[in-house]
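Okay, structure first, notes after.
No hydrogens, no waters, no symmetry mates; every other heavy atom, side chains included, goes into these values. All of these numbers come straight from a predicted model, not from anything done at the bench. In the text below, chain A, chain B and the rest are named by the order of the sequence lines, each starting its count at 1.
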There are 2 protein chains.
Amino acid sequence: MIRFVEMNSYTEENYLKSIYHLSLSNEESVSTNSIAAALNTKAASVTDMLKKLADKKLINYTKYQGVTLTEEGNGIAINIVRKHRLWEYFLVEKLNFKWDEVHELAEELEHITSAELVDRLDKFLNFPKYDPHGDPIPDNTGRIKKHELIPISALKDGDKGIIMGVREHTPVFLQYLEKMNLTIGKHIQLIEVVAFDASVILKVNKETVSLSRDAAKNILVTV
Amino acid sequence: MIRFVEMNSYTEENYLKSIYHLSLSNEESVSTNSIAAALNTKAASVTDMLKKLADKKLINYTKYQGVTLTEEGNGIAINIVRKHRLWEYFLVEKLNFKWDEVHELAEELEHITSAELVDRLDKFLNFPKYDPHGDPIPDNTGRIKKHELIPISALKDGDKGIIMGVREHTPVFLQYLEKMNLTIGKHIQLIEVVAFDASVILKVNKETVSLSRDAAKNILVTV
DNA sequence: ATAATTTTTTAGACTTATCTAAAAAAATGA
DNA sequence: TCATTTTTTTAGATAAGTCTAAAAAATTAT
Ligand SMILES: [Mn+2]
Ligand SMILES: [Mn+2]
Ligand SMILES: [Mn+2]
Ligand SMILES: [Mn+2]
């Protein structure tokens, strides 16, 4: 007797992944409009897909109420995130891509289905814990090793920290950080929060750099 | 002024690849039915797609006449073959998959679009010339290094050869070869073609093995 | 040369994922 | 509370890719 593995389309996977990411920042249920914005599509399209995902019991959905992932939907989403981050790690560590070049590629690679492939890739890469942007890579049981990170904007004068992640993944931001030497692993010390515009002045490698509050909010450190 | 890159769907790519492979064995133009058989679809579906590919000038198509690839269609097909074989090589050499396990995975990976990724993968793998089944890997200009191979079934008593490829890529056949020690690089000598059923007896590693004519036709050697 | 068979194309339908425009529900606010 | 605004859903279309059944063309056999 053959057991059918529930297959989800590329598109369904992207919806689940978006709902997953949106839940992390929202805590509440995720709205139709926020999904539409994340996936660059229209609210009407989202509603259609939500009905389908609800039929498949991957999300909890009641009209006008927004959605949450079911246990199963969550598992699928985490698996896609795992693949995304492992491929990003591979691209940077083995193929020498830069950290600002890998996200789009991983958006495609994350949909390759074989679980065996992912696990072998994981082993080949030596079971990395974090991706090139500092985001945790779920293990093959879906467990995620979160670390407690705070944005530079929350530091006080004199506080030291090590850069461990970023909140914003656009190439333009990552390239900017690269140029400012503010990459993963760098030790920084906050010198001063400027009263005028809440921009910050900090030390990296003995150099003094200035960052807008907006940039500071998107760089995560351990203290 | 932005230059648009002609994008082809996953499905279109598979049609082009099939037409490419079928042209190699056919020499003549490729028939609707043969494409349908290769892609496990129906002739009516093939006709629909042929019209579309012809509109895009990727194939030469006149009703009832079969098709050939245009220069451009051929280039796209070869690029997919390049990706397929490079990924197969990666899976075997880096992730330790067996040669009978990689084809299906490569069927997915070959559709990842980035040319930059393929070239970096090629470099990472040290520009391999042949895939795990002995098939030549096109370089990034589309050039293919073909070697002159003949099937074991064409050898005469006493002829020696080195296994360089296979014509049949099904897991069951590859697993059988593995068990018989008839893998790429092995030196063999044909002892006798049995008159009764044209099966062959040959030596590999000092051992004597017997192969059906059908198997012998699907193993390729250099003499 | 005509009939029978095979191959290929057309016609019409279905599925998935998308869209715009309009209707309905929920939230906001005076 | 009742009107206005915002959010979400429904209705109806469209495009890609597939299918079955039927028609047309090409091939083969008598
Ligand atoms: Mn990413
Ligand atoms: Mn990342
Ligand atoms: Mn293959
Ligand atoms: Mn191969």
TODO: Would you sketch DNA chain C in dot-bracket for me? Only Watson-Crick or G-U wobble pairs with both distances under 3.5 Å count, crossing pairs as [ ], other-strand pairs as |, the rest as dots.
DONE: ||||||||||||||||||||||||||||||
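Taking the ring-ring contact (aromatic ring centres under 6.0 Å, His included) definition, one finds that Phe196(A) meets it with nothing, sequence neighbours left out. Not counting sequence neighbours, Tyr89(A) has no partner by the ring-ring contact (aromatic ring centres under 6.0 Å, His included) test. Residues meeting the salt bridge (charged side-chain N to carboxylate O under 4.0 Å, His left out) test with Asp214(B), sequence neighbours left out: none. The ring-ring contact (aromatic ring centres under 6.0 Å, His included) test applied to Phe127(B) returns no partner, not counting sequence neighbours. For the salt bridge (charged side-chain N to carboxylate O under 4.0 Å, His left out) test, no residue two or more places apart in sequence or in another chain qualifies with Asp48(B). Qualifying salt bridge (charged side-chain N to carboxylate O under 4.0 Å, His left out) partners for Asp135(A), counting only residues two or more places apart in sequence or in other chains: none.
With rounding to whole Å, Glu13(B) atom CD is found 16 Å from dA16(D) atom P. Straight-line distance from the CG atom of Asp48(B) to the P atom of dT20(D): 13 Å, rounded to whole Å. In this structure, Leu39(B) places its CG atom 15 Å from C1' of dC19(D), rounding to the nearest Å. Per the geometry, CG belonging to Leu53(A) stands 13 Å off P belonging to dT16(C), to the nearest Å. What separates CD1 of Ile35(A) from P of dT18(C) is a distance of 13 Å, to the nearest Å. Atoms CE (Met49(B)) and C1' (dT9(C)) sit 16 Å apart, rounded to a whole Å. Counting to the nearest Å, the P atom of dT16(C) and the NZ atom of Lys56(A) are 9 Å from each other.
Considering only side-chain N and O atoms, Lys42(A) lies under 4.0 angstrom from the phosphate OP1 or OP2 of dT20(C). Within the structure, every side-chain polar atom (N or O) of Lys51(A) is placed at least 4.0 Å from both OP1 and OP2 of dT9(D). Of the side-chain N and O atoms in Thr41(A), one or more sit less than 4.0 angstrom from OP1 or OP2 of dC19(C). Between Ser45(A) and dC19(C) there is a side-chain polar atom (N or O) within less than 4.0 angstrom of OP1 or OP2.
Using a 4.0 Å heavy-atom criterion, one finds that Tyr15(B) contacts the sugar-phosphate atoms exclusively.
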Pairs: protein N or O with nucleotides 5-8 of chain D N or O, under 3.5 Å:
from   : atom 1 : to       : atom 2 : distance (Å)
dT8(D) : OP2    : Asn33(A) : N      : 2.9
dT8(D) : OP2    : Asn33(A) : ND2    : 3.3

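Stacking of Lys94(B) on the aromatic ring of Phe124(B) is recorded, both the 6.0 Å distance cut-off and the 45° axial limit being met.
In this pair, Phe90(B) and Trp87(B) present their aromatic rings perpendicular. The plane angle is above 60°, beyond the 30 to 60° band.
Listed by first then second residue, pairs satisfying salt bridge (Lys or Arg N to Asp or Glu O under 4.0 Å) with a partner in residues 107-118 of chain A read Lys17(A)-Glu107(A), Lys17(A)-Glu110(A), Glu116(A)-Arg120(A), not counting sequence neighbours.
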